[in-house]
Amino acid sequence: MNYLNCFNNINTADEAAEAIHCIQKCGETVLYNDKEKRLVLWREAYDKSPEEHMIKISKLLKIDSRESYEVADKTYNLTMY
């Protein structure tokens with residue numbers, strides 16, 4: 001499965017968390033970026049195509065700081081992989 005399929009039908013925080021798990025299962029690296037104040041895919045350094053999806057996921061998970069990322073991580077186990 002291609003990681004881009006993980007971005008289909010994300011409308012809730014639970015679906016956003018599942019998308020993060022799916023992305024990680026596809027071998028992609030998801031990080032919190034202090035400069036962007038959101039989750040990013042490692043590949044965004046050279047491929048901006050997933051950027052709008054990651055912005056949406058970050059908003060649904062209410063991630064806009066390192067602290068809110070840590071709360072979301074504890075709630076949804078975002079770093080399980």
Side-chain angles (χ1 to χ4, degrees):
M1 172 159 76
N2 186 314
Y3 82 97
L4 292 172
N5 295 333
C6 300
F7 295 124
N8 296 336
N9 302 319
I10 302 172
N11 298 302
T12 67
D14 287 338
E15 291 169 345
E18 283 303 315
I20 295 298
H21 296 155
C22 176
I23 291 164
Q24 292 170 329
K25 287 177 187 173
C26 290
E28 296 294 321
T29 302
V30 179
L31 308 164
Y32 175 77
N33 183 299
D34 287 308
K35 181 180 174 190
E36 298 287 332
K37 299 201 181 297
R38 65 175 177 85
L39 294 177
V40 298
L41 288 182
W42 190 288
R43 71 171 42 240
E44 285 185 54
Y46 59 87
D47 175 7
K48 296 294 186 189
S49 62
E51 182 176 32
E52 78 177 63
H53 299 293
M54 296 307 293
I55 290 170
K56 179 180 180 179
I57 287 171
S58 296
K59 286 181 181 178
L60 286 169
L61 292 172
K62 298 180 176 147
I63 296 173
D64 59 5
S65 67
R66 174 73 55 184
E67 293 77 22
S68 60
Y69 167 68
E70 291 173 3
V71 169
D73 183 28
K74 287 179 184 167
T75 303
Y76 297 104
N77 197 16
L78 299 178
T79 56
M80 65 187 284
Y81 294 100

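As the structure is a computational prediction, the values presented were derived from the model and not from experiment.
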For a quick test of reading the model, state the closest non-hydrogen atom pair linking Asp73 to Leu78 and the distance between them. OD1-N, 3.0 Å
Does any donor atom in the side chain of Asp14 or Thr12 lie under 3.5 Å from an acceptor atom in the other side chain? no
Does the Ser58 side chain pair with the main chain of Ile63, one donor and one acceptor, at a distance under 3.5 Å? no
Please tell me whether Cys6 and Cys26 are bridged, where bridged means their SG atoms are separated by under 2.5 Å. no
Report yes if some heavy atom in the side chain of Val30 is under 4.5 Å from a heavy atom in the side chain of Leu41; otherwise report no. yes
Residues forming a salt bridge (charged side-chain N to carboxylate O under 4.0 Å, His left out) with Glu18, sequence neighbours excluded: none
State whether the number of non-hydrogen atoms from other residues, nucleotides or ligands found under 6.0 Å of Lys48 atom NZ is greater than 12. yes
Working to the nearest 0.5 Å, report the span between CD1 of Ile55 and CG of Leu39. 11.0 Å
Between Ile57 and Phe7, is any pair of side-chain heavy atoms under 4.5 Å apart? yes
Can a donor-acceptor pair be found, under 3.5 Å and without considering hydrogens, that links the side chain of His21 to the backbone of Tyr76? yes
To the nearest 0.5 Å, what is the distance between OH (Tyr32) and OG (Ser68)? 6.0 Å
What heavy-atom pair brings Ala13 and Leu60 nearest, and what distance separates the two atoms? CB-O, 3.5 Å
Counting C-beta onward and ignoring hydrogens, is there a side-chain heavy-atom pair between Val40 and Met54 closer than 4.5 Å? no
Atom CZ in Arg38, atom CG in Leu31: separation rounded to 0.5 Å? 11.0 Å
Residue pairs passing the salt bridge (Lys or Arg N to Asp or Glu O under 4.0 Å) test with at least one member in residues 56-70, sequence neighbours excluded, are Asp34-Arg66
